[in-house]
Undergrad: 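Attaching a single structure in structure tokens format; questions to follow.
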Amino acid sequence: MNESALAAHHRTTSLRERFAVAGLDWIVPCWDAPSKVQAFVTTRSAGAGPDASVPLDLGREPWPGNDDIAGNRRRAQVYLPGSPRWLEQVHGTGVVRVARGEAHGPPPPKADAAVTRDVDTVLAVRIADCLPVLFSATDGSVIGIAHAGWRGLASGVLETTLRAMDRAPSDIVAWLGPCIGATAFEVGPDVEAAFAADGDAVDALRAGRPGKWHADLHRLARRRLARAGVARVDALAACTATDAARFFSFRRDHTTARMAAFIWRTG
């Protein structure tokens, strides 16, 4: 870890300590973002207390009579400066520019990424096996978040998020969160074909059984970001599919249960 990442680690101690006191194993990124940028990723853990044995599912949209998801979101919001701007994720490249106070606005827009320049404006994506990607300008003036499965990566969701941030890619730092790992992510010819024209992606698709490949989402994302001009990328090497004690996984469980990634900037 370089000096700036180590400094970021120390600056986020307060959030880490709050999670530790609550008995939560939630993830605080170690990356080169400035101290005014805060972020974390939930796990299955609901912490200590009477609900500790019930996984913290932040997946489906709450509806009348379904208090579980709404209650779980309130529990996560204790650690946020306000209500997050949730998205209706569609595995596309749509990016929403979020202004302060819009979390309380209309229903979630259909998009897989969001950016903001406003303080205390929380961006969020729900994840199980897809990759959460966090972005920050080096001065913390603009932040972004993306939900990147293989479809989003192949279509360019990371690149469209960078364009929406309206900063030189060399002034952007990124962090790759937990997702399904290459060993567990067996894919077919459709995925291989989606990246076939991308010569740099050859080492991110390893041949497996006949007609099958193992796709490395972290490596695919790094290639895309490097090509776009983002040089500083940190990551957490954790596989959602193989770590059933800590993470939800659609590939493993075939349910709608989800974790969530959050990012915001302070004043």
Side-chain angles (χ1 to χ4, degrees), residues 15 19 24 26-29 37-46 54-136 142-149 151-153 155 157-158 160-161 164-165 175-179 240 247-250 255-266:
L15 193 55
F19 293 161
L24 296 166
W26 296 357
I27 298 158
V28 179
V37 176
Q38 298 287 294
F40 67 87
V41 180
T42 64
T43 64
R44 293 171 59 99
S45 173
V54 180
L56 190 81
D57 178 7
L58 298 172
R60 304 170 300 279
E61 285 299 310
W63 62 82
N66 173 24
D67 296 329
D68 292 342
I69 300 298
N72 287 344
R73 291 188 176 187
R74 285 193 297 270
R75 293 165 71 185
Q77 193 170 317
V78 168
Y79 302 95
L80 302 171
S83 299
R85 187 45 159 153
W86 298 101
L87 306 174
E88 183 182 340
Q89 298 164 198
V90 293
H91 297 278
T93 61
V95 183
V96 176
R97 291 175 174 83
V98 182
R100 190 170 186 176
E102 285 187 353
H104 302 285
K110 291 184 178 181
D112 284 86
V115 301
T116 189
R117 294 178 178 274
D118 292 352
V119 298
D120 294 335
T121 299
V122 184
L123 310 179
V125 295
R126 293 169 293 111
I127 52 171
D129 292 326
C130 290
L131 173 66
V133 184
L134 307 182
F135 299 89
S136 173
V142 59
I143 57 173
I145 194 168
H147 162 255
R151 290 180 179 85
L153 286 173
S155 299
V157 68
L158 302 186
T160 56
T161 306
M165 294 178 73
W175 182 80
L176 312 179
C179 66
T240 52
F247 301 113
F248 297 116
S249 167
F250 178 78
T255 71
T256 59
R258 298 290 186 271
M259 294 86 65
F262 302 100
I263 186 170
W264 68 97
R265 57 185 299 266
T266 62

Undergrad: State whether the side chain of Asp112 and the backbone N or O of Gly94 hold a donor-acceptor pair below 3.5 Å, judged by distance alone.
TA: no
Undergrad: Is there a donor-acceptor pair closer than 3.5 Å between any side-chain N or O of Thr160 and the backbone N or O of Thr93?
TA: yes
Undergrad: Do you know the tightest heavy-atom contact between Arg265 and Arg117?
TA: NH1-O, 2.6 Å
Undergrad: Show the numbers, then the answer: is there a side-chain contact (heavy atoms from CB on, under 4.5 Å) between Ile263 and Trp175?
TA: CA-CA 11 Å; Ile263 186 170; Trp175 182 80; over 6 Å; no
Undergrad: Of the non-hydrogen atoms in Gly82 and Gln77, which two are nearest, and what is the gap between them?
TA: O-CG, 3.7 Å
Undergrad: Give the minimum heavy-atom separation between Thr121 and Ala99, together with the two atoms involved.
TA: CG2-O, 4.1 Å
Undergrad: What's the shortest heavy-atom distance between Val37 and Ser136, and which atoms?
TA: CG2-OG, 3.4 Å
Undergrad: To the nearest 0.5 Å, what is the distance between CG on Asp129 and CZ on Phe248?
TA: 12.0 Å
Undergrad: Kindly say whether Val98 contributes a backbone atom to a donor-acceptor pair with the side chain of Thr116 at under 3.5 angstrom?
TA: yes
Undergrad: Report the distance from atom CG of Leu80 to atom CG of Leu123, rounding to the nearest 0.5 Å.
TA: 11.0 Å
Undergrad: Can you give me the closest heavy-atom contact between Ile127 and Pro178, atom names plus distance?
TA: CD1-O, 4.4 Å
Undergrad: How long is the straight-line distance from CZ of Arg73 back to CG of Leu56, given to the nearest 0.5 Å?
TA: 11.0 Å
Undergrad: Assign the ring pair Phe40 / Phe262 to parallel, tilted or perpendicular, where the plane angle (0 to 90°) is split at 30° and 60°.
TA: tilted
Undergrad: Which of these, Leu158, Val157, Val125, sits in a side chain to side chain contact (heavy atoms under 4.5 Å, CB included) with Val133?
TA: Leu158
Undergrad: Okay, side chain of Asn72, backbone of Asp57: is any donor-acceptor separation there less than 3.5 Å?
TA: yes
Undergrad: Are Ile145 and Pro132 packed together at the side-chain level, in the sense that at least one heavy-atom pair is separated by less than 4.5 angstrom?
TA: no
Undergrad: When rounded to the nearest 0.5 angstrom, what is the spacing between OG1 in Thr42 and OH in Tyr79?
TA: 12.0 Å
Undergrad: Within the 4.5 Å heavy-atom criterion, are Pro109 and Arg85 side-chain neighbours or not?
TA: yes
Undergrad: State the CG-CZ distance between Asp118 and Arg97, to the nearest 0.5 angstrom.
TA: 13.0 Å
Undergrad: Rounded to the nearest 0.5 Å, how far does CZ of Arg258 lie from SG of Cys130?
TA: 8.0 Å
Undergrad: So which atom in His147 and which in Arg126 form the shortest heavy-atom distance, rounded to 0.1 Å?
TA: CD2-O, 3.6 Å
Undergrad: Can you list the steps and then say if Met259 with Trp26 is a side-chain contact (heavy atoms from CB on, under 4.5 Å)?
TA: CA-CA 10 Å; Met259 294 86 65; Trp26 296 357; over 6 Å; no
